[in-house]
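Notes to accompany the following structure.
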Amino acid sequence: MKNTGKRIGIISNRRRQSQEICRQLKQKLKQNHFILNDNNPDIVISIGGDGMLLSAFHKYEEQLDKVRFVGVHTGHLGFYTDYRDFELDKLINNLKLDTGAKVSYPILNVKIFHGNNEICIKRALNEATIKRSGRTMVADVIINQVHFERFRGDGISVSTPTGSTAYNKSLGGAVLHPTIEALQIAEVASLNNRVFRTLGSSIIVPKKDKIEIVPTWNDRHAISIDNQNFMINNISKIEFQIDQHKINFLATPSHTSFWNRVKDAFIGEVEE
C-alpha cells in the first residue's frame, strides 16, 4: 500500500513508560504507512509531558512554519497534550483524516545584548525570566520607548499567552487566551517600600510594543528560556517582542479547548 506522504517526527522523554509508548506508536505509524522522519517532519509528536513538548518546540524552532505539534501524555493530564498514552489508535485515526488544519499561538522573541555588541536571539513558547545571580536585581523597565519603572527585586518574567498559565500564574499574573497576541510582564519578589516602588502587578503589553529590560549592573545574570537555563555575563539589555513566527498545533477533533485545559489543570470537576 502507498504511504500517506506525511512525515512524522517523534520525541520522547527517557521514562520507561514513555519509551514503550514511543515504540508502540512507531510500530502503528509504520503499519499505517506513515513516514518516520525526525529531520524534516510535517508533524512532531512529543511523548511525555509539557516539558517534553517544550523540548520538541526548541528542537524544531527553526522549522516552525512547516511543522505542527501534537502531544501524548504518559502521566497526569498535561496542559499541552491532546492524547493520553492509551489513545494511540485515536491519534492514528485522526492523523489519517488530517487535512493540514492547525491551531496557531504566538511565541516570544528574546534578544540578549552583550556589552561587546554581540546579540543572542532566542525564542520562548512559555516565558523568559531574568534574575541577577545571587543578589537583588536592579533594572530599568522600558515599554514602547517609555521608561516605565526602575525595578528592584529577584527578577522579571515575560510570558506569552500560552505561558500565562505557567510561571506567570504562580507570580500572580493573569491567564490570557492564547489567541490574544500580547505579552505579560510579571515581577518576581519586587521590593516595594517608601524608598523603592514598582507597579506591583502584572502588565499586559500589546503586540506592537517592545519591552526592554536594562540591568544597572553588568555582572552575572541568570536567564531562563522555558526549560532552558543560561548564566550570562555583561548583559547591556534584553528586548522582548512577539515573534514573527507562531507555534502550530495539530487541529483534530481531540484538540482540547484552552478553557477546558485551564479548568482541568487548575479547577477540576466542581461538585454541585
Side-chain angles (χ1 to χ4, degrees), residues 7-15 17-22 24-26 29 36-39 41-88 90-92 94-95 98 101-110 122-129 159-170 175-179 224-229 243 245-252 254-266:
R7 300 184 300 273
I8 310 292
I10 301 177
I11 181 170
S12 170
N13 65 29
R14 296 182 180 179
R15 290 179 57 213
Q17 182 183 6
S18 298
Q19 290 294 313
E20 174 59 23
I21 294 300
C22 182
Q24 292 178 26
L25 182 58
K26 285 182 177 180
L29 287 167
L36 296 180
N37 187 324
D38 288 333
N39 295 321
D42 301 308
I43 297 169
V44 172
I45 302 173
S46 72
I47 301 174
D50 290 340
M52 207 63 235
L53 195 284
L54 288 173
S55 296
F57 165 78
H58 286 290
K59 179 177 179 179
Y60 293 99
E61 66 178 270
E62 299 302 325
Q63 304 178 48
L64 291 179
D65 291 339
K66 61 179 182 178
V67 170
R68 290 175 296 154
F69 295 86
V70 61
V72 176
H73 204 76
T74 54
H76 300 292
L77 184 65
F79 201 86
Y80 282 120
T81 53
D82 288 327
Y83 297 88
R84 296 296 302 272
D85 49 7
F86 51 81
E87 297 180 311
L88 296 186
K90 181 192 290 188
L91 172 57
I92 294 294
N94 284 337
L95 287 172
D98 173 54
K102 60 188 178 183
V103 179
S104 302
Y105 297 149
I107 61 174
L108 175 63
N109 181 282
V110 184
K122 302 284 187 181
R123 292 190 180 105
L125 176 56
N126 275 356
E127 76 278 312
T129 302
S159 66
T160 66
T162 49
S164 69
T165 56
Y167 188 37
N168 168 79
K169 185 176 181 298
S170 71
V175 173
L176 289 184
H177 192 281
T179 57
S224 299
I225 309 288
D226 290 334
N227 55 357
Q228 302 174 331
N229 299 297
D243 197 87
H245 302 281
K246 292 185 176 184
I247 184 171
N248 301 309
F249 289 98
L250 189 73
T252 72
S254 293
H255 186 74
T256 310
S257 78
F258 177 74
W259 297 120
N260 276 331
R261 292 173 191 267
V262 173
K263 177 185 174 183
D264 290 342
F266 301 113

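Note: hydrogens, waters and symmetry copies are ignored here, and every other heavy atom, side chains too, is used.
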(request) Dump the intermediate steps for side-chain contact (heavy atoms from CB on, under 4.5 Å) on Leu25 and Leu29, then the final yes or no. (result) CA-CA 6 Å; Leu25 182 58; Leu29 287 167; 3.9 Å; yes
(request) Return the set of residues passing side chain to side chain donor-acceptor pair (under 3.5 Å) with Glu87 (not counting sequence neighbours), or none when no residue passes. (result) Lys90
(message) I'd like to know whether Ile225 forms a side-chain contact (heavy atoms from CB on, under 4.5 Å) with His58, so could you lay out the CA-CA distance, the side-chain angles of the two residues, the decisive distance to 0.1 Å, and finally the verdict.
(response) CA-CA 10 Å; Ile225 309 288; His58 286 290; 4.1 Å; yes
(request) Could you tell me whether a side-chain N or O of Asp85 sits under 3.5 Å from a main-chain N or O of Val72, the two making a donor and an acceptor? (result)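 No; judged by distance alone, with no hydrogens or angles, the pair does not exist.
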(request) Spell out, as yes or no, whether a donor-acceptor pair under 3.5 Å connects the side chain of Asp226 to the backbone of Gln228. (result)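 Such a contact is absent between Asp226 side chain and Gln228 backbone.
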Quick check: do [X] and [Y] have side-chain heavy atoms less than 4.5 Å from each other?
X      : Y      : result
Ser159 : Lys169 : no
Leu53  : Thr81  : no
Tyr167 : Asn126 : no
Ser46  : Ile11  : yes
Tyr60  : Phe69  : yes
Phe79  : Val262 : yes
Phe57  : Val44  : no

(message) salt bridge (Lys or Arg N to Asp or Glu O under 4.0 Å) for Arg123 and Glu62? Distances and angles first, verdict last.
(response) CA-CA 10 Å; Arg123 292 190 180 105; Glu62 299 302 325; 3.7 Å; yes
(message) With side-chain contact (heavy atoms from CB on, under 4.5 Å) as the test, pick out the partner of Tyr83 among Ile21, Leu88, Asn94.
(response)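 Answer to the side-chain contact (heavy atoms from CB on, under 4.5 Å) test with Tyr83 among Ile21, Leu88, Asn94: Asn94.
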(message) Applying the side-chain contact (heavy atoms from CB on, under 4.5 Å) criterion to Asp243, which one of Ile107, Leu108, Val110 satisfies it?
(response) Ile107
Could you grab the distance from atom [atom1] of [X] to atom [atom2] of [Y], nearest 0.5 Å is fine?
X      : Y      : atom1 : atom2 : answer
Arg68  : Leu250 : CZ    : CG    : 5.0 Å
Ile247 : Glu61  : CD1   : CD    : 10.5 Å
Tyr80  : Thr162 : OH    : OG1   : 3.5 Å
Phe258 : Thr179 : CZ    : OG1   : 9.0 Å
Leu176 : Thr160 : CG    : OG1   : 9.0 Å
Ile43  : Lys102 : CD1   : NZ    : 12.0 Å

(message) Looking at Lys59, I'd like to know if its NZ atom is crowded, meaning that more than 12 non-hydrogen atoms belonging to other residues, nucleotides or ligands lie closer than 6.0 Å.
(response)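 Yes, enclosed.
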Please find the pair of heavy atoms, one from [X] and one from [Y], that lie closest to each other, and give the distance.
X      : Y      : result
Asn248 : Ser104 : OD1-OG, 2.5 Å
Asn229 : Ser224 : OD1-OG, 2.8 Å
Lys246 : Pro106 : CG-CA, 4.1 Å

(request) List the steps and the verdict of side-chain hydrogen bond (donor to acceptor under 3.5 Å, both in side chains) for Ser18 and Ser12. (result) CA-CA 6 Å; Ser18 298; Ser12 170; 4.6 Å; no
(message) Show, in sequence, the C-alpha distance, side-chain angles and deciding distance for Met52 and Ile47, and conclude whether the side-chain contact (heavy atoms from CB on, under 4.5 Å) test is met.
(response) CA-CA 7 Å; Met52 207 63 235; Ile47 301 174; 5.8 Å; no
(request) Step by step, work out the side-chain contact (heavy atoms from CB on, under 4.5 Å) result for Ile45 and Leu91. (result) CA-CA 10 Å; Ile45 302 173; Leu91 172 57; 4.1 Å; yes
(request) Start with the C-alpha distance between Glu127 and Asn168, add both sets of side-chain angles, then the distance that settles side-chain hydrogen bond (donor to acceptor under 3.5 Å, both in side chains), and finish with yes or no. (result) CA-CA 8 Å; Glu127 76 278 312; Asn168 168 79; over 6 Å; no
